[in-house]
Structure formats: C-alpha cells, structure tokens
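What follows is a single structure, written as structure tokens, with notes after it.
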Amino acid sequence: MKLLQDKVAIVTGAGSGIGRSVAIAYAREGARVVVSDMDEESADQTVRLIASEGGEGFFVKCDVSSPEDNEALVWATIGKYGALHIACNNAGIGGAMAPTGMYPVEAWDKVIAVNLSGAFYGARYQIPAMLNSGGGVIINMASILGSVGFANSPAYVAAKHGLIGLTKNIALEYSSKGIRANAVGPAFIKTPLLKDLDEETMNWLVGRHPIGRMGEPKEVAELVLWLSSPKASFITGSYYPVDGGYLAQ
Ligand code: NAP
C-alpha cells in the first residue's frame with residue numbers, strides 16, 4: 001500500500017520549486033492532490049507531470065495572501081474530492097533585501113502577508129475541513145531562517161520565525177483532535193526563488209552549507225512526504241531542518 005493512499009492533499013505554491021516536488025511526491029504515494037498556485041500555467045504543468053506518472057491532481061488558483069482565496073481553495077477541494085487530509089502551506093516569496101532601518105514598508109507587508117498570514121489563512125480554513133475528514137496533517141514550509149537570522153532579510157526571517165510559532169500553536173490546539181502540525185526548514189534550495197541572486201552571492205551561499213552544495217527540491221519533498229504520512233504518527237509541533245548542515249555551525 002502506498003504511503004498516502006486515499007488521502008486528499010492541498011499544496012500551495014505548487015507550480016514551482018519545492019511545492020511542485022511535494023505535489024509530485026504526494027501523488028506518487030497515492031494522494032489526490034490539489035495543485036494550488038497564483039500562476040495557472042506553471043501549476044498546470046505540475047498537474048501534467050503528476051498525470052504523466054499516473055497520479056491524480058487538479059488545479060485551483062489561490063493567492064495565499066487572500067483569506068477568501070484560502071477559504072475557496074478548501075471548498076473547491078471538498079467539492080472535488082469530498083475531504084481534506086493533508087495541507088502543505090508552501091507558497092512563499094523572498095522579498096526585498098535591505099537592512100531593517102531601510103527596509104521598504106510595503107515589502108515588509110507583502111512578505112508577512114504571503115509567508116506568514118498566508119499560512120494562517122490556510123490553516124484557518126483547512127482545520128475545520130480536516131476535523132470533518134477524521135483528522136489531518138499540516139506542514140508549514142518555514143526555512144532555516146525560521147530559527148536563525150539573515151542580515152538584510154528582516155521580513156523573511158520574521159515571517160519564518162512566526163510560522164514556526166504558528167505551527168506549535170496548531171499542534172497544541174489540535175493534536176489531541178487528530179491533526180498533526182509540523183514545520184520544515186530548508187536551507188538554500190535550487191529553485192526560482194533564488195533567481196535574482198548573482199553568481200558571487202550564490203557561491204557564497206553554497207559555502208555556508210557544510211555539505212558543500214545547495215539542496216534540491218526533491219530532498220525537501222522527501223522529508224515533507226514522510227512527515228505527512230502515518231509513519232510520522234507521533235510527530236507534531238516540531239520544526240525539522242533539511243539543511244546540509246547549515247544550522248550545525
Ligand atoms: P519558488 O520556486 O519561487 O516557488 C514558490 C511558488 O509560490 C511559485 O509558484 C510562486 O508563484 C508561488 N507563489 C508566490 N506567491 C504566492 C501567493 N501569494 N499565493 C500563491 N502562490 C504564490 O520558491 P521555492 O524555493 O520553491 O519556495 C517554496 C517555499 O519554500 C517558500 O515558502 C520558501 O520561503 C521556502 N524556502 C525556500 C528556500 C529556497 O532556498 N528555495 C529555502 C527555505 C525555504 P510565482 O512564481 O508566480 O511567484
């Protein structure tokens with residue numbers, strides 16, 4: 001039997017990078033996957049990749065910074081598959097880079113809206129649906145920058161720290177009711193999120209990882225898949241780095 005047989009999963013930001021890898025991993029293990037993103041074209045490509053492996057997925061557009069979109073995403077999931085068991089709140093943006101004393105206020109608001117409020121809005125509507133579905137699992141995509149700082153990224157660092165706190169709260173409130181919640185903390189992973197960084201910065205970042213390279217999206221997806229599965233049945237309220245040794249320093 002597959003790890004997620006008969007489960008229904010939502011993945012936000014599933015049109016690219018880590019989210020796409022998670023959606024494909026979920027579908028490979030038997031889940032019916034709601035592939036959600038703001039960008040229809042890239043999400044459709046994820047749906048096609050899932051279908052090419054014989055998996056089941058469908059696209060629902062959702063801007064995670066909108067509470068209404070998050071509510072509609074859950075209703076669309078229930079409408080299509082009749083239940084919700086797993087949600088990977090993955091959508092996120094890097095945001096502007098500047099020291100706190102010069103950080104653009106609009107950039108702060110945007111990063112917090114997508115990376116932190118987005119996951120809250122998701123959980124706000126996912127949790128009632130999971131309770132009605134007999135329980136579930138929430139995975140919030142944090143970052144190594146949810147437990148350490150990174151100069152010139154105050155909004156991202158604050159949002160990811162907040163996301164780990166939110167994850168703990170969900171676990172305290174709902175673990176006894178059948179919903180596990182955990183956060184995952186990737187180090188730097190080769191995805192379009194890093195597309196604006198120059199070669200020198202990329203090389204410097206590689207050097208920050210004791211393993212000597214950045215991660216691949218599928219290396220994050222493996223951890224997310226395992227935490228989402230019954231194999232992780234006693235694991236809730238925690239934060240799991242997947243970081244090539246970054247946080248060991
Ligand atoms: P990515 O390749 O840029 O993928 C993120 C996806 O989310 C994109 O499809 C993006 O769409 C979508 N998205 C952006 N804003 C959204 C919104 N408001 N509502 C819905 N979807 C939205 O980035 P990634 O590297 O896979 O990042 C995924 C998650 O991992 C993020 O939470 C990120 O913070 C986290 N993470 C990444 C790294 C890394 O080094 N890559 C490290 C640690 C944590 P568009 O392409 O249209 O913007």
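When a ligand or atom number is given, it counts from 1 through the structure's own listing order. All values below come from the heavy atoms of this structure, side chains included, with hydrogens, waters and symmetry mates left out.
The side-chain heavy atoms of Lys110 and Ile93, taken from C-beta on, include a pair separated by under 4.5 Å. Side chains of Met214 and Met202 form a contact here, defined as non-hydrogen atoms less than 4.5 Å apart. By the 4.5 Å heavy-atom criterion applied to side chains, Tyr174 and Leu131 are counted as neighbours. Taking the side chain as every heavy atom from C-beta outward, Asn70 and Arg124 never approach each other to under 4.5 Å. Contact check for Phe58 versus Val47: no side-chain heavy atoms found under the 4.5 Å cut-off. Taking the side chain as every heavy atom from C-beta outward, Phe120 and Asn89 never approach each other to under 4.5 Å. Looking only at side-chain heavy atoms (C-beta outward), Phe150 and Ser143 stay at 4.5 Å or farther from each other.
The protein heavy atom nearest to atom 21 (N) of ligand 1 is Ala91 CB, 3.5 Å. In terms of protein heavy atoms, atom 25 (O) of ligand 1 is closest to Thr191 OG1, 2.5 Å. Considering only non-hydrogen protein atoms, atom 43 (C) of ligand 1 sits nearest to Pro186 O, 3.3 Å. Of the protein's non-hydrogen atoms, Gly92 O, 4.0 Å is the one closest to atom 5 (C) of ligand 1. Residue, atom and distance of the protein heavy atom nearest to atom 45 (P) of ligand 1 are Asp37 OD1, 4.5 Å. Of the protein's heavy atoms, Leu193 N, 3.7 Å lies nearest to atom 3 (O) of ligand 1. The protein non-hydrogen atom at the shortest distance from atom 31 (C) of ligand 1 is Asn90 O, 3.2 Å. When only non-hydrogen protein atoms are considered, atom 36 (N) of ligand 1 lies nearest to Tyr156 OH, 3.5 Å.
The side chain to side chain contact (heavy atoms under 4.5 Å, CB included) test with Ser228 is passed by exactly one of Ile138, Leu223, Ile139, Asn182: Ile139. For the side chain to side chain contact (heavy atoms under 4.5 Å, CB included) with Leu193, the qualifying choice from Leu197, Asp196, Thr191 is Thr191, the only one to do so.
Any N or O atom pair closer than 3.5 Å counts here, and Ile189 shares at least one such pair with ligand 1. Between Ser65 and ligand 1, a contact under 3.5 Å exists for no N or O pair. Every N/O-N/O distance between Asn115 and ligand 1 stays at or above 3.5 Å.
Residues satisfying the salt bridge (Lys or Arg N to Asp or Glu O under 4.0 Å) test with Glu173, not counting sequence neighbours, are none.
Near Asp63, the atoms of ligand 1 lying under 4.0 angstrom from a non-hydrogen atom of the residue are 17 (C), 18 (N), 19 (N). Each of the following atoms of ligand 1 lies closer than 4.0 Å to a heavy atom of Phe188: 40 (O). Under a 4.0 Å criterion applied to the non-hydrogen atoms of Asp39, ligand 1 contributes the atoms 47 (O). Listed by number with element, the atoms of ligand 1 under 4.0 angstrom from any heavy atom of Ile18 are 26 (O), 30 (O), 37 (C). Each of the atoms 19 (N), 20 (C) of ligand 1 lies under 4.0 Å from some heavy atom of Cys62. Atom numbering of ligand 1 starts at 1 in the shown order; those under 4.0 Å from a heavy atom of Ser16 are 1 (P), 2 (O), 4 (O), 8 (C), 9 (O). Below 4.0 Å from some heavy atom of Met141 lie the following atoms of ligand 1, by number and element: 29 (C), 30 (O), 32 (O), 35 (C). Listed by number with element, the atoms of ligand 1 under 4.0 Å from a non-hydrogen atom of Gly17 are 2 (O), 26 (O).
Considering CD1 of Ile179 and CD1 of Ile86, their distance stands at 12.5 Å, rounded to 0.5 Å. Taken from CD1 in Ile189 to CD1 in Ile18, the straight-line distance is 5.5 Å, to the nearest 0.5 Å.
Ligand 1 has at least one atom lying under 4.0 Å from a heavy atom of Ala142. Residue contact check for ligand 1: Pro217 places no non-hydrogen atom closer than 4.0 Å to it. Residue Lys195 places every heavy atom at 4.0 Å or more from ligand 1. For Thr12, the closest heavy-atom approach to ligand 1 does not fall below 4.0 Å.
Between Pro67 and Tyr125, the shortest heavy-atom contact is O-CE1, 3.6 Å.
For Ser42, no heavy-atom contact with ligand 1 is shorter than 4.0 Å. The proximity of Lys160 to ligand 1, defined as any non-hydrogen pair under 4.0 Å, is limited to the side chain. At a heavy-atom cutoff of 4.0 Å, ligand 1 is contacted by both the backbone and the side chain of Val64.
Within a 4.0 Å radius of atom 15 (N) of ligand 1, the protein has at least one heavy atom. Atom 48 (O) of ligand 1 is not flagged as protein-proximal [any protein heavy atom, distance under 4.0 Å]. The nearest protein heavy atom to atom 23 (O) of ligand 1 is closer than 4.0 Å.
Tracing side-chain contacts under 4.5 Å through hydrophobic residues (I, L, V, M, F, W, Y), one reaches Trp108 starting from Leu163; they form part of the same cluster.
Side-chain N or O atoms of Arg20 include one that pairs as donor or acceptor with a backbone N or O of Ser42 at under 3.5 Å. Of the possible polar contacts, one joining the Lys160 side chain to the Met141 backbone as a donor-acceptor pair under 3.5 Å is found.
Between atom 42 (C) of ligand 1 and the options Gly13, Ser143, Pro241, Ala187, the minimum heavy-atom separation is to Ala187.
In summary, the side chains of Ser66 and Asp63 do not present any donor paired with an acceptor at a separation below 3.5 Å, with no hydrogens or angles considered.
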